[in-house]
Amino acid sequence: MKEIVVLSGKGGTGKTSILAALGAIAGKEAIVADCDVDAANMHLLYNPKIETSVEFMSGKVATIDESKCNGCGNCSNVCRFDAIKIVDGVYTVDEVNCEGCSLCSHMCPENAIIMETQKIGHWFTSKSKFKNWFVYAKLGIAQENSGKLVSKVKSVARSLAKEEKVEYILIDGPPGIGCPAISSITGANHVLIVTEATNSGKHDLVRLIGIINHFNIHASCIINKADLNEEAAKEIEEVCTQNKINIIEKIPFTQSFTNALENKVTLAEYDDYELNNKINKIWTELKNKEEK
Amino acid sequence: MKIGIVSGKGGAGKTLVSVNLAFVASKDRKVSLYDLDVEEPNSFLFFDENELSEESVSMMIPKVEETKCNHCGVCSRVCEFNAIISIGDQTLVFPELCHSCYACLELCPVSAISEDYKEIGKIRTIVNDNTTLIEGRLNINETSAPALIREVKKKRINNIDLEIYDSPPGTSCSVIEAIKDIEYVVVVAEPTLFGFHDFKLIVKTAKSLNKNLGVIINKHTPENKLVEDYCLENNMEILGRIPLSYEIASAYAHGKIICKEDPELTSLFENILDSVLRKACEIEV
């Protein structure tokens with residue numbers, strides 16, 4: 001089993017469009033997992049038929065039982081997150097601020113504080129229109145703990161791959177380099193970087209490479225919008241060479257990305273011969289790399 | 001007055017809007033721009049780095065004093081984040097999981113735990129004429145983005161007329177931390193299949209936090225009505241439309257403030273600023 005995760009650092013570089021197309025070409029050879037749970041998009045192109053839907057519980061929030069509260073204020077004093085305030089004369093938890101650490105409930109002399117585990121979203125296993133397994137999740141509105149949900153999606157994809165003897169897991173990662181990005185890179189065999197030839201793209205790529213080097217994972221890179229800033233594109237190539245990252249494709253700025261989305265198809269299905277070829281080539285290269 | 005720029009989807013144009021709004025506003029006001037996208041802060045790329053100061057941000061992590069610890073395991077049981085674990089006669093701290101809640105410190109029956117600190121990131125301040133950029137920059141391999149965002153927001157500059165928060169992408173922990181105490185949210189929408197989907201998510205998120213909001217449509221084309229129609233149906237104000245254009249994308253790609261390049265875009269952003277300020281004032285009153 002080989003796990004390939006797509007990351008970019010900067011958002012909007014074309015990660016999801018490219019991974020969705022790779023998953024479409026791979027078909028039954030790959031399980032596809034959408035780990036950008038904050039803003040999951042791939043299901044919009046995959047027409048998933050849901051096989052299982054499971055509620056995901058994670059993290060706690062405090063609630064104060066007013067009838068037991070003696071108003072001592074211990075809870076508010078010990079809270080490091082400014083989450084307990086007096087509202088209309090009673091101590092009240094600000095759920096947005098509450099970190100779920102439970103310190104207040106331990107310090108309450110009246111046992112008036114209950115910690116409740118939160119339903120933060122759902123994860124799904126499904127069959128996509130490309131006949132492969134597709135695992136994704138939806139985080140509830142204004143819910144936190146997305147890193148934990150990312151780990152869940154990955155572990156579900158892994159056990160499916162084992163059961164069904166599928167060779168590849170293709171993972172769409174989140175933007176950034178923090179908690180959810182680190183969750184999605186953990187345990188992967190290969191990182192496919194999709195960057196863009198902009199000053200921001202290059203800056204964010206350098207930080208992403210820092211994470212990749214830390215985890216010591218092989219990586220290859222696609223430069224999207226390669227003609228937007230040719231100097232930036234050149235600098236990206238230099239950074240990649242220094243870090244032994246192969247540039248496997250450059251894609252010029254094209255309306256095909258938006259047009260394909262408008263037609264609700266992946267880049268592999270969209271009528272752009274040159275782009276179709278590039279996507280096919282990327283998939284072949286990735287497979288070759290993993291066999292070496 | 002504080003306004004927050006959000007988008008849900010990455011690459012929708014948050015930073016483009018933030019730096020250009022700051023630019024037009026700074027002509028006759030003092031502006032502070034907070035770059036709260038601490039995982040990938042980009043706003044500084046649009047500034048001259050002529051006056052720069054940097055400070056370190058740390059968070060508390062527990063330190064176990066071996067001589068005092070009796071290995072009772074209370075710390076391990078009370079920690080909700082599995083950041084401190086007691087096994088046999090060893091008590092181990094996992095700093096990357098710690099949320100600095102102090103539960104282990106407060107509840108250790110023999111006071112064997114004291115405060116230690118680890119650096120999670122930096123705050124950089126860059127002053128360009130009337131604009132002060134305050135940037136949070138998470139250290140590589142750190143996961144505590146919300147904790148750093150909290151510290152960046154505490155950094156106050158005197159005599160500021162307008163504060164702009166350039167927020168992180170997504171709809172979860174980091175963006176909630178960024179916008180939870182601001183007065184008015186500007187949602188930058190990209191009218192693509194993905195952009196529109198994430199736009200609806202972030203609008204719901206902002207509304208669930210009881211925020212007032214307005215919308216800027218980026219990469220706008222007259223024939224695409226996705227966001228436009230949604231705003232109309234849901235009674236949301238459209239503050240402005242930035243056209244889909246290779247020139248804008250290319251100027252952005254080179255780290256240029258597009259308003260400096262094109263007078264038409266300057267008046268577009270001036271109009272957007274006027275609408276934002278008018279709406280935000282109505283709320284304050």
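These figures come from a predicted structure and were not determined experimentally. Sequence lines set the chain letters: A, B, ... in the order given, protein chains first and strands last, and positions in each chain run from 1.
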side-chain contact (heavy atoms from CB on, under 4.5 Å) between B:Tyr102 and A:Cys101, intermediate numbers included: CA-CA 9 Å; B:Tyr102 285 73; A:Cys101 71; over 6 Å; no
Heavy-atom cut-off 4.5 Å, strictly under: side chain, backbone, both or neither for [X] against chain A?
X: B:Leu244; value: side chain
X: B:Leu138; value: both
X: B:Phe81; value: side chain
X: B:Ser100; value: backbone
X: B:Ala145; value: neither
X: B:Lys180; value: side chain
X: B:Ser250; value: both

Any [X] side-chain heavy atom under 4.5 Å of [Y] side chain:
X: B:Tyr246; Y: A:Asp227; value: yes
X: A:Asp204; Y: B:Glu39; value: no
X: B:Leu107; Y: A:Leu103; value: yes
X: A:Leu45; Y: B:Phe194; value: yes

Using a cut-off of under 4.5 Å for heavy-atom pairs, which of [options] has the most such pairs with chain A?
options: B:Asp37, B:Asn141, B:Val38; answer: B:Asn141
options: B:His197, B:Met60, B:Arg150; answer: B:His197
options: B:Asn224, B:Thr205, B:Leu209; answer: B:Thr205
options: B:Val175, B:Ile176, B:Leu193, B:Leu226; answer: B:Leu193

Looking at [X] and [Y], what are the two nearest heavy atoms and their distance?
X: A:Ser146; Y: B:Ser172; value: OG-OG, 3.5 Å
X: A:Gly210; Y: B:Ile140; value: C-CG2, 3.6 Å
X: B:Ala253; Y: A:Asn229; value: O-ND2, 2.9 Å
X: B:Gly8; Y: A:Ala39; value: O-CB, 4.4 Å
X: B:Thr143; Y: A:Cys179; value: O-CB, 3.8 Å

At a heavy-atom separation under 4.5 Å, does [X] approach chain B through its side chain, its backbone, both, or neither?
X: A:Asp36; value: neither
X: A:Glu95; value: neither
X: A:Ser17; value: both
X: A:Gln143; value: backbone
X: A:Phe257; value: neither
X: A:Lys202; value: neither
X: A:Ala181; value: neither
X: A:Ile182; value: side chain

Has A:Arg207 got a side-chain atom pairing as donor or acceptor with B:Pro41's backbone, closer than 3.5 angstrom? no
Answer yes or no: is there a donor N or O on one side and an acceptor on the other, between the side chain of B:Thr192 and the main chain of A:Glu262, under 3.5 Å? no
Would you sort out whether B:Phe44 and A:His203 count as a ring pair (Phe, Tyr, Trp, His ring centres under 6.0 Å), showing the intermediate values? CA-CA 11 Å; B:Phe44 82 100; A:His203 169 266; 5.1 Å; yes
May I ask you to list the residues in residues 114-122 of chain A that approach chain B closer than 4.5 angstrom, counting heavy atoms only, ordered by number? none
Determine, step by step, whether B:Leu201 and A:Leu139 satisfy the side-chain contact (heavy atoms from CB on, under 4.5 Å) criterion, reporting the C-alpha distance in whole Å, the side-chain angles of both residues, the deciding distance to 0.1 Å, and the verdict. CA-CA 10 Å; B:Leu201 288 179; A:Leu139 193 68; over 6 Å; no
As an exercise: rank A:Leu44, A:Thr198, A:Val78, A:Asn199 by heavy-atom pairs under 4.5 Å with chain B and give me the winner. A:Asn199
Selection from A:Thr16, A:Thr13, A:Thr258 maximising heavy-atom pairs under 4.5 Å formed with chain B: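 Looking at each option in turn, the highest pair count goes to A:Thr16.
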Using 0.5 Å steps for rounding, measure from the [atom1] atom of [X] to the [atom2] atom of [Y].
X: A:Ser8; Y: B:Glu40; atom1: OG; atom2: CD; value: 8.0 Å
X: A:Arg80; Y: B:Glu106; atom1: CZ; atom2: CD; value: 6.5 Å
X: A:Asp38; Y: B:Lys9; atom1: CG; atom2: NZ; value: 13.5 Å
X: A:Ser105; Y: B:Glu80; atom1: OG; atom2: CD; value: 7.5 Å

CD of B:Glu96: more than 12 outside heavy atoms within 6.0 angstrom? yes
Other residues, nucleotides and ligands only: do more than 12 of their heavy atoms fall within 6.0 Å of CD on B:Glu115? yes
